[in-house]
There are 2 protein chains.
Amino acid sequence: MNIGEVAAETGMTAKSIRYYEQVGLVAPAARGQNNYRAYGAREIAELRFVHRARSLGFSVKDVADLLALWRDRSRASQQVHAMAVAHMAAIEQKIASLETMKATLQTLLRRCHNNDRPDCPILDDLAR
Amino acid sequence: MNIGEVAAETGMTAKSIRYYEQVGLVAPAARGQNNYRAYGAREIAELRFVHRARSLGFSVKDVADLLALWRDRSRASQQVHAMAVAHMAAIEQKIASLETMKATLQTLLRRCHNNDRPDCPILDDLAR
DNA sequence: CTTTACCTTCCCGTAAGGGGATAGTTTATG
DNA sequence: CATAAACTATCCCCTTACGGGAAGGTAAAG
């Protein structure tokens with residue numbers, strides 16, 4: 001399969017796939033006589049794994065570690081669990097930070113008259 | 001006041017302050033005979049505004065717009081309101097995205113045995 | 001045969017600063 | 001007073017995870 005077909009099938013972009021190869025996340029793809037990258041079922045499965053892990057918010061670096069664990073038949077599930085827990089914590093922290101912003105914005109929005117007069121509690125608050 | 005004092009007082013870093021000046025978010029600070037940036041109450045208030053807006057998650061570009069509105073005595077509060085609403089929407093989208101990740105991770109974590117055996121539902125899921 | 005659709009590599013740009021080198025200033029200390 | 005510690009200045013590279021787009025080769029379609 002060519003890179004475009006893989007992209008279409010996995011939902012990633014060709015750019016991303018090349019990028020993952022470039023940074024060493026996945027091994028360089030085999031090349032056809034036309035120098036096109038040629039993917040087999042195994043490589044596609046790996047890319048799918050990468051895509052799914054990325055969609056869960058894991059960094060490329062983390063995905064590299066997850067891939068290594070995946071390939072290691074003798075890993076302990078604890079190791080994966082620990083990574084997931086750490087990632088969860090990071091996500092929860094981001095959510096908390098965003099929730100704080102959201103709450104503040106909500107308060108400000110409620111106070112703003114939202115009309116054509118210049119008086120604006122939002123700006124007043126930012127300037128406090 | 002020197003940049004370090006301003007930084008300490010506002011909670012920003014000197015690097016950030018220089019950066020904001022560099023990208024034109026705030027006007028270049030006046031310089032003393034030693035070439036040090038010298039800040040007055042007015043500039044500090046502006047930097048405080050910037051810092052507060054940034055802490056609410058507004059991008060530097062957005063902060064520039066907010067600053068412009070702040071300086072414009074004849075702005076309509078609608079304009080500020082609209083920016084805040086748009087920003088709120090963006091925040092809510094980020095939260096929703098993170099919540100989705102969190103939910104998936106939670107499910108996976110519950111299923112993982114978290115022991116020294118290799119069997120791992122998390123990896124299995126990523127590979128599905 | 002030519003157009004269109006892929007593919008290749010390469011290089012630039014992003015957001016918002018952080019890190020660190022080098023050099024001049026100012027302040028604190030012995 | 002001399003020197004060392006603490007600031008400040010500019011400058012340049014690094015980060016994340018690709019997207020955009022150029023230049024040029026290849027393949028499939030009309």
Side-chain angles (χ1 to χ4, degrees), chain A residues 1-26 28-40 43-44 47 49-67 87 90-91 93-94 97-98 101, chain B residues 1-40 43-44 47 49-67 86-87 90-91 93-94 97-98 101:
Chain A
M1 277 180 91
N2 284 344
I3 199 170
E5 305 173 77
V6 176
E9 187 157 323
T10 62
M12 339 178 55
T13 65
K15 281 276 191 183
S16 297
I17 297 175
R18 291 193 198 98
Y19 174 73
Y20 295 147
E21 177 180 318
Q22 185 197 326
V23 300
L25 181 56
V26 297
R31 301 301 181 108
Q33 83 296 345
N34 52 11
N35 196 34
Y36 286 11
R37 289 176 178 81
Y39 296 91
E43 289 73 31
I44 293 174
L47 285 170
F49 181 101
V50 168
H51 186 47
R52 175 110 173 102
R54 288 284 302 127
S55 76
L56 286 181
F58 285 101
S59 69
V60 167
K61 173 68 181 66
D62 281 352
V63 176
D65 294 346
L66 288 171
L67 264 178
H87 184 46
I91 286 179
Q93 197 150 20
K94 282 184 191 172
S97 167
L98 289 168
M101 294 177 190
Chain B
M1 276 180 90
N2 284 344
I3 200 170
E5 305 173 77
V6 176
E9 186 156 323
T10 62
M12 337 175 58
T13 64
K15 281 274 190 184
S16 297
I17 297 175
R18 292 193 197 99
Y19 174 73
Y20 294 147
E21 177 180 317
Q22 185 197 324
V23 299
L25 182 57
V26 298
R31 302 299 183 110
Q33 82 298 342
N34 53 10
N35 196 34
Y36 286 11
R37 289 175 178 80
Y39 296 90
E43 289 73 30
I44 293 174
L47 286 170
F49 181 101
V50 168
H51 187 222
R52 175 111 173 102
R54 288 284 302 127
S55 76
L56 286 181
F58 284 102
S59 69
V60 167
K61 172 68 181 67
D62 281 352
V63 175
D65 294 345
L66 287 171
L67 264 177
H87 184 46
I91 286 178
Q93 197 150 20
K94 283 184 191 171
S97 166
L98 289 168
M101 295 177 189

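Throughout, protein chains are lettered first and strands after them, A, B, ... in sequence-line order, and every chain is numbered starting at 1.
The OH-C1' distance, from A/Y19 to C/dC10, rounds to 16 Å in whole Å. To the nearest angstrom, P of D/dC7 lies 14 Å from CE of B/M1. Atom CZ of A/F58 and atom P of D/dT16 are 17 Å apart (whole Å). In this structure, B/N35 places its CG atom 19 Å from P of D/dC7, rounding to the nearest Å. Rounded to an integer number of Å, the gap from A/Q22 CD to C/dC12 P is 14 Å. In this structure, the CD1 atom of B/I17 is 17 Å from the P atom of C/dA16, given to the nearest Å.
Side-chain N/O atoms of A/S59 include none lying less than 4.0 angstrom from OP1 or OP2 on D/dT16. OP1 or OP2 of C/dG17 has not a single side-chain nitrogen or oxygen of B/T13 nearer than 4.0 Å. One finds a side-chain N or O of A/N34 lying less than 4.0 angstrom from the OP1 or OP2 phosphate oxygen of D/dA27. For C/dT25, the OP1/OP2 oxygens have no side-chain nitrogen or oxygen of B/R31 closer than 4.0 Å. A sub-4.0 Å separation between OP1 or OP2 of C/dT8 and a side-chain N or O of A/R18 is present. Put simply, B/R54 has a side-chain N or O that comes within less than 4.0 Å of OP1 or OP2 on C/dG17. Note on B/S16: every side-chain N or O is 4.0 Å or more away from OP1 and OP2 of C/dA16. Between C/dC7 and A/R37, no contact under 4.0 Å exists linking OP1 or OP2 to a side-chain N or O.
Contact between A/H51 and A/T10 at its shortest, heavy atoms only, is CD2-O, 3.2 Å.
Ion pairing of B/R37 with B/E21 is present here, as a side-chain N (NZ or NE/NH1/NH2) and a carboxylate O approach within less than 4.0 Å.
In the set C/dC7, C/dG17, D/dA17, the nucleotide with an atom closest to the side chain of B/Y20 is C/dG17. In this structure, of C/dG17, C/dT8, D/dT10, it is C/dG17 that holds the atom nearest to the side chain of B/V60.
Contact annotation for A/Q33: backbone-only contact, meaning every heavy-atom pair under 4.0 Å involves sugar-phosphate atoms and none involves a base.
To the nearest 0.5 angstrom, A/I91 atom CD1 is 6.0 Å from B/L98 atom CG.
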Would you tabulate the pairs of protein nitrogen or oxygen atoms and nucleotide nitrogen or oxygen atoms of nucleotides 3-5 of chain C closer than 3.5 angstrom?
none

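Nucleotides of DNA chain C nearest to B/K15 and A/N2 differ in position, and the one nearer the 5' end is that of A/N2.
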